[in-house]
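Indexing begins at 1, ligand by ligand and atom by atom, following the structure's order. These numbers were taken from a predicted model, which means no experiment stands behind them. Basis for what follows: all heavy atoms, side chains included, without hydrogens, waters or symmetry-related copies.
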Amino acid sequence: MSAADRADDLSMNETPYPPLPVLREVVQDGAALLNRYPDRLSGALTAGLARHLDVDPGTIIVGPGSAGLLQLMVQAFGPKPEVVHAALSFEGYPLIARNAGATSVAVPMDGHRHDLSAMADAVTDRTRCVLVCNPNNPTGSVLHRDELTAFLERVPADVPVVIDEAYRHFVTDRGVPDAVDLHRSHPNVCVLRTFSKAYGLAALRVGYAVVPPGLAMAIRMMGIVFLTGSLGQAAALRALEPDVTAELERRCAAVVEARTKLAADLRGLGITVAPSETNFLWLPLGDKAAGFAEAAARAGILVAAMPDRGVRVTIGSDEANARFLDFVRSLDR
Ligand code: PMP
């Protein structure tokens with residue numbers, strides 16, 4: 001499938017930009033060693049991330065996308081039976097909990113936001129871990145430093161709290177903390193990040209986490225020898241260099257600008273749009289969600305429907321956003 005064929009796929013929260021030429025070059029160069037196994041400990045990338053984040057390399061674990069890594073983490077956190085998360089959050093959480101032999105405890109939302117107080121109430125001696133998505137997929141909402149700190153004070157220190165920051169590069173709200181800082185003050189905080197979104201490397205499947213050192217070791221010992229491939233490791237390491245980060249910051253700023261414009265245009269058409277600090281918008285359409293997404297698909301535009309809840313629309317290229325807006329205008333509402 002060509003890049004043009006995917007232009008109107010606004011369902012996966014991917015970047016609309018083509019891969020950066022320097023990152024394509026790294027992948028092409030890496031092809032010379034396709035016959036060789038990758039570095040099984042992702043040593044260079046781990047060291048690069050440790051420098052980038054100013055943390056001990058022993059606290060970093062690199063894995064097969066942040067979803068694959070989270071799966072391993074939840075297994076490693078075992079054996080307690082319950083995984084606590086917000087009811088309208090990343091759809092992977094209940095699946096990951098189930099795959100790890102746990103029950104997912106979905107805590108009702110406070111509007112479009114996590115109800116951290118109710119989530120703290122849900123933590124018991126059966127809790128294996130808590131998953132907090134900040135900013136949240138699919139609602140786009142954020143949690144602030146003071147709220148998270150108060151929450152962490154209520155969670156026992158032996159219960160891991162994963163803060164999933166897949167969309168952190170799109171946050172402009174200064175009250176949102178860097179979860180690595182929270183990890184420094186609360187060692188049970190595990191920070192989960194990905195190269196799939198702002199870095200635009202979704203196809204390569206690279207994610208990482210900052211975790212207590214004992215856990216990093218436990219995951220490495222779990223029997224999966226090669227967690228990530230060489231091409232992904234090399235591209236992710238290159239992506240941490242200042243020239244690439246500067247360009248990615250420009251791209252994220254453009255996505256934020258497009259997000260602000262699309263949200264305003266949709267509101268101008270009478271559509272309710274939740275405030276978003278991500279690269280997508282949440283339209284709480286309730287029972288109209290499925291019909292809306294089907295009509296969009298008939299118009300050639302893919303959006304993600306959460307039946308009876310709403311629709312999540314990724315910020316695409318300016319052209320794709322304009323086509324989406326035209327589609328909404330064409331609806332008989
Ligand atoms: N966390 C969140 C909140 C996500 O939205 C996603 C992907 N949509 C992931 C994790 C997983 O991303 P990846 O496996 O590509 O790193």
Partner set under side-chain contact (heavy atoms from CB on, under 4.5 Å) for Val256, not counting sequence neighbours:
Thr172, Arg259, Thr260
Just say parallel, tilted or perpendicular for the rings of Tyr167 and Phe170, cut-offs at 30° and 60°.
tilted
Step through it carefully: locate the ring centre of His169, locate the ring centre of Tyr199, and say whether they are under 6.0 Å apart.
yes
Tell me, yes or no, whether the heavy-atom count around Arg40 atom CZ, taken from other residues, nucleotides or ligands under 6.0 Å, exceeds 12.
no
Phe327 and Phe292 aromatic ring geometry - parallel, tilted or perpendicular at 30°/60° bounds
perpendicular
List, ordered by chain and residue number, the protein residues whose closest non-hydrogen atom lies under 4.0 Å from any atom of ligand 1.
Gly65, Ser66, Ala67, Phe90, Cys133, Asn137, Asp164, Ala166, Tyr167, Thr194, Ser196, Lys197, Arg205
Atom CZ of Arg145 with >12 non-hydrogen neighbours under 6.0 angstrom
yes
